[in-house]
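Quick caveat, the model's predicted, so the values are computed rather than measured. In what follows, every chain begins at residue 1, and chains take the letters A, B, ... in the order their sequences are listed.
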Amino acid sequence: MTAEVLVRLAGAGVRYSAGLPAAIAGVSLSLARGERLAVIGESGSGKTTLALAMAGLLPAGSTVEGRIEWPAFGGAPKPGRDVGYVFQDPSGSLDPVMRVGDQLAEVAAAHGDADPHVNAVELIAQVELPDPVRTARAYPHELSGGQRQRIALALALAGRPSMLIADEATSALDPVVQKKLAELVVRLCRTNGLTLVFVTHDIALAAGLGTRIAVVYSARLAETGPAERVLSDPAHPYTKALLESHLGRDVPRGARVHAIEGQPPDPALALPGCRFALRCRHAVATCNRSEPGWAGARDDGAACILPAGMLR
Amino acid sequence: MSAPSILTARGLTKTYRTGGRIVPALDGVDIDLAAGETLAVVGASGSGKSTLARAILRLVELDAGTIHVGGRDFRRLAGAELRAERRRIQMVFQDPALALNPRGTVRSVVADPLRVHSLVEAGGQADAVAALLDRVGLPYAFADRPVHGISGGQRQRVAIARALATKPSILVLDEPVSALDVSVRGQILNLLLDLQRKERIAYLFISHDMGVVRAVADRVVVMSRGRIVENGSADAVFRSPRSPECRELLDAVPALPGR
Amino acid sequence: MSALRRFAGSPDGVVGAGLLLSFAIVAVFAPVAYPEDPLSIVGGPLVRPFVDWSTPLGTDRLGRDLLAGLLHGARTSMLVGLFAALVAILLGAAVGVAAGLSGGWIDESLMRITEAFQTVPGFLLALAFISVVGPSLPMVVFAIALGAWTGPARVVRAEVLSIRERDFVAAARVIGMHPVEIAWREVLPHALPPVVSLASVIVAGAILTEAALSFLGLGDPNRVTWGGLIAEGRTVLRSAPYLSIVPGLALLSTVLAVHLTGEGIVAALAGRRSFQ
Amino acid sequence: MRGARLVSRRLLGVVPVLAIVIVGTFFLLEASSGDAVDAYLVSTGGDRGLADQLRRDWGLDRSAWARLALFVSSLARFDLGWSVAFSRPVVEVVLERLPNTLLLMGTAIALAFGAGSILGIVAANRPGSAVDRALSLGSLAIYAIPGFWLGLVLIVVFAVQLRLLPSGGIETIASGKQGLERAGDIARHLVLPVAALGMVYLALYLRMMRAGMIETWRHDFVRAALARGLPRRQVVWRHIARNALLPLVTMLGLQAASMLGGSVVIESVFAVPGLGRLAHEAVAQRDTPLLLGVILVGAVVVIAANLAVDLLYAWLDPRVGAGPETAA
């Protein structure tokens with residue numbers, strides 16, 4: 001399979017300013033057209049930084065180490081046109097004093113749409129909101145959290161981008177609303193042939209969405225690979241621990257649940273070894289001494305010294 | 001259910017007014033909680049479950065209904081009597097960053113209830129704080145850290161220690177793990193499970209996450225628009241949910257393939 | 001980083017505080033430098049500045065020393081500014097706390113009173129008050145405070161109302177803490193800092209109001225004031241404009257120093273309010 | 001519809017506020033030396049017997065409560081009492097002076113608001129740049145200038161030295177100018193007082209707008225708008241500026257009161273026959289009923305301005321009236 005590569009990272013890292021520790025470092029992976037990549041990590045892991053870097057939306061003043069390339073876009077992606085981005089907070093990403101239809105039309109017009117107001121209504125229909133004409137006249141505060149996030153999704157699609165990045169786009173919502181929205185995102189990507197990057201802290205949500213998975217931990221890429229392989233045969237102990245600590249509806253009340261003891265290291269702390277070593281059940285002496293190399297292929301491997309198949 | 005109820009609430013009713021419209025937050029809710037058990041209250045946001053938690057603790061004043069805690073009519077209490085009685089029922093909030101006084105230290109937070117209820121002799125405070133921190137798995141060395149200088153999981157442990165200080169028989173846990181990272185969530189759930197096993201504290205566990213509820217609950221009530229729409233043992237509710245609201249909540253739990 | 005270090009890191013604040021400190025020294029030592037009554041006649045009328053070095057800034061149309069008046073005027077300006085602001089802030093904070101904590105009809109009536117005071121222009125109120133009770137220094141202070149307390153009252157009330165709803169206050173109620181202790185330990189320490197950043201604006205406003213009152217002849221008649229000097233100079237504005245301009249410059253730089261210091265205080269406070 | 005509900009609610013809130021102002025004014029009146037009869041007799045002449053007669057007729061010999069009731073009932077008939085200084089009813093004098101003050105204040109606030117907010121946007125465009133530093137420091141300095149002193153300096157420079165503009169008054173007296181010519185004359189007379197009165201507010205709006213712009217820049221919707229590919233200029237003017245303007249608009253109502261206070265000195269400096277100068281004249285001639293009349297009319301002006309500002313705000317911000325949750 002040699003689908004066109006949209007974004008390629010080679011040893012990429014990001015620092016928000018010179019004095020700060022790297023928010024993410026040493027990431028190598030690539031994303032081809034039509035793929036859906038779920039980026040999993042907890043707060044402070046650097047998953048949002050990774051998403052912003054892939055979207056070419058890093059704030060001014062941040063520095064990029066290594067290489068980030070967008071072969072299909074011929075240079076950095078044009079915001080809105082090449083990449084659509086949905087932020088986490090559904091109430092914060094809309095202008096509170098402008099009708100949502102006008103906001104949609106504004107973005108559509110900025111990308112050369114000749115008939116932006118008609119298109120705004122179509123976009124609202126596309127994100128499956130009821131009564132699009134009426135919804136277009138609503139102000140953000142008149143909509144529910146889920147409805148606002150659908151509008152944010154429509155806004156991200158208004159420039160007809162080929163890549164969509166959803167950064168914890170569903171985490172602030174109720175589980176029921178979250179599920180419906182996640183399904184809508186996948187459906188829209190399928191029908192429009194969009195490439196998706198879906199950032200989440202929930203590995204089970206990621207499992208239902210992604211064709212590929214990347215797991216980040218404490219500013220490092222821990223593991224990446226096809227979703228099926230990562231879920232059934234994790235190569236990094238952190239991925240394995242995340243899978244075990246998932247609480248599905250089938251885990252009965254018991255004495256205890258699976259937990260990862262300890263907590264992630266302070267990002268400012270320079271560690272010579274693997275950043276997960278202190279919490280890792282499989283850690284050996286070398287893990288604390290030197291950072292593990294990448295094992296496996298670039299888009300299917302893990303940053304761990306354990307032999308493949310060990311954790312199955 | 002044979003154990004006697006230590007928390008009995010009947011006909012709890014509360015309405016809010018929003019931009020001219022009247023919205024029922026609680027509409028005739030009944031709750032029974034037995035010693036040492038965990039009753040989970042689940043529902044979508046806006047279902048009234050948080051209002052229920054706050055109403056039981058008298059942080060929100062009800063329009064109608066009765067609440068009996070340990071046999072006493074909790075809603076009839078006022079002033080010093082109410083403050084003294086509050087010992088029996090404590091609360092852990094969703095976001096520990098908001099629930100601890102930002103100017104406080106671990107020690108001041110944990111020692112407050114001890115001082116308010118005169119639970120320790122002069123000079124015994126340090127030992128009492130150390131014992132409480134130990135129960136939530138924190139070293140005594142943490143006592144003089146400012147609460148903004150510790151991690152989210154540690155803050156939630158401090159909040160639990162504060163709640164334990166008055167030796168309550170009931171803990172109201174309002175989404176106690178939903179603001180925490182996955183890797184920390186398990187630790188806090190285990191801490192709560194261990195505490196309950198050792199000390200027979202009853203939990204009123206508010207949550208929207210059916211996965212978490214499955215792991216902790218003995219019984220479940222499902223709320224929707226201020227009413228209880230389903231009520232049963234955890235096993236029954238998870239095996240054969242009767243209300244559409246409950247089925248929807250269950251369907252929303254993402255599942256891992258093969259599990 | 002401590003608040004003091006943050007203040008020192010703000011160039012505006014350092015310059016302002018430096019200026020303010022030198023004005024304060026001038027105000028304190030004015031009677032030492034010019035022990036005589038600044039209202040006494042020391043030379044010929046309308047001596048221009050930098051001509052006669054016994055009266056370096058010249059004299060007014062009665063032959064009174066402008067520099068002596070300027071130095072003594074600094075005392076009045078700063079005294080009135082500080083005390084009026086102090087009274088306004090204490091009164092405002094007390095009303096704001098009472099309204100925010102008690103709620104209900106007490107809050108409602110206190111807020112209506114606050115609104116009524118905001119509806120009447122503060123300067124007109126001061127004017128009316130002084131014309132009724134007569135101009136003396138304490139009354140001028142009180143008159144100015146009368147028009148300035150509403151700002152702090154509203155800010156403090158809003159802060160108290162928002163803090164009252166925070167979870168850590170709910171947590172204090174849950175553990176059975178006494179309402180007085182909750183107000184004192186949990187609410188007030190978080191409600192008052194915003195008023196501190198308002199203080200410089202109030203001090204500056206009070207100094208300017210005092211000057212305007214004196215300019216209109218409603219200051220304490222037994223004291224030299226900058227506003228009074230400007231009014232005095234106004235009668236000879238066309239021939240000797242320096243008599244009005246110089247005291248105005250003193251007024252301007254004092255107020256500017258207060259504002260600059262305020263910028264420094266805001267910078268110093270900014271660092272401490274975040275909680276993550 | 002939202003506006004109508006808002007106005008009716010605000011009007012209801014005005015009643016107690018106005019009542020407090022009226023009662024407060026009454027007490028100030030009571031506290032001052034002399035009463036309405038003394039005032040009347042000063043201008044008309046008369047002996048003690050006439051004074052007692054008048055006091056009985058006007059009800060001034062009754063209890064304080066009865067006098068308050070009388071005061072209120074005469075207010076209801078737009079009777080603000082008798083002015084000694086002018087030997088005319090207070091209400092006539094006050095209403096005669098009101099238009100000049102409204103013109104002066106309206107022009108000053110409109111110019112200050114317009115120029116201040118635009119300069120604030122400019123300053124916030126690149127925080128920390130030379131333009132921003134200059135505007136920020138300049139506005140802080142202007143903010144420290146006493147308005148009446150600025151007035152004197154402007155007179156010295158533009159009227160005395162350069163002889164460009166008139167130094168006082170509202171128009172050239174007995175010039176016989178009509179229509180546009182008269183308007184031009186008034187405008188020339190307004191330039192200096194408007195500058196003296198409005199400069200401080202220009203500085204204030206500049207600083208507030210700058211702070212609001214910088215604050216709004218940090219909002220998520222700005223980052224999101226840029227990420228959607230909207231040009232920076234469009235984001236700045238259509239989204240950031242519009243949102244940052246809202247707090248400034250709410251300040252306008254409060255500023256009406258403070259500006260009315262400021263007009264007292266400015267009108268005195270420029271000899272503008274307005275409400276502010278009238279207040280000064282009333283104080284100088286110890287004409288308390290006149291002063292309190294100015295205060296009452298001033299309060300009504302402020303209330304009207306606040307009402308107008310509320311409507312403007314409701315039009316600018318669709319969230320107004322949606323209302324926060326309150327216990328039923």
Fill in: side-chain contact (heavy atoms from CB on, under 4.5 Å) evaluation trace for C/R238 with D/S167
CA-CA 11 Å; C/R238 280 158 199 272; D/S167 69; 3.7 Å; yes

Option that, when pairs with chain D are counted at under 4.5 Å, heavy atom only, ranks first among [options]:
options: C/E115, C/E263, C/R234; answer: C/R234
options: C/A126, C/G147, C/S131; answer: C/S131
options: C/I130, C/V120, C/L208, C/I245; answer: C/I245
options: C/S244, C/P241, C/A257; answer: C/S244

Looking at [X] and [Y], what are the two nearest heavy atoms and their distance?
X: C/L237; Y: D/I155; result: CD2-CG2, 4.1 Å
X: D/A257; Y: C/T119; result: CB-O, 4.3 Å
X: C/P121; Y: D/G261; result: CB-N, 3.8 Å

Using a 4.5 angstrom heavy-atom cutoff, name the option from [options] with the most pairs to chain C.
options: D/L260, D/V160, D/I145, D/L152; answer: D/L152
options: D/G276, D/S258, D/S268; answer: D/S268
options: D/V269, D/V153, D/L150, D/L137; answer: D/V269
options: D/V156, D/L291, D/L140; answer: D/L140
options: D/L254, D/L296, D/V294; answer: D/L254

Practice prompt. Name the region of C/L249, side chain, backbone, both or neither, that has any atom closer than 4.5 Å to a heavy atom of chain D.
Written response: both

Worksheet item: Is it the backbone or the side chain of C/A128 that comes under 4.5 Å from a heavy atom of chain D, or both, or neither?
Response: both

Discussion item. If you count heavy atoms of other groups shown closer than 6.0 angstrom to CZ of C/F142, is the number above 12?
Written reply: no

Worksheet item: Does atom OH of C/Y242 have more than 12 heavy-atom neighbours from other groups under 6.0 Å away?
Response: yes

Discussion item. Using modelled atom types and a 3.5 Å cut-off, is there a donor and acceptor pairing between side-chain atoms of C/R112 and backbone atoms of D/A19?
Written reply: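 The answer is no, because no donor-acceptor pair under 3.5 Å joins these two groups.
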
Item to complete: Take D/V264 and C/F215, measure what side-chain contact (heavy atoms from CB on, under 4.5 Å) needs, and give me the verdict at the end.
Response: CA-CA 11 Å; D/V264 176; C/F215 178 73; over 6 Å; no

Worksheet item: Side chains of C/L218 and D/V283: does their closest heavy-atom pair fall under 4.5 Å?
Response: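 A side-chain contact under 4.5 Å exists here.
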
Worksheet item: What's the verdict on side-chain contact (heavy atoms from CB on, under 4.5 Å) for C/L251 and D/W149, showing C-alpha distance, side-chain angles and the deciding distance?
Response: CA-CA 9 Å; C/L251 191 53; D/W149 177 77; 5.7 Å; no

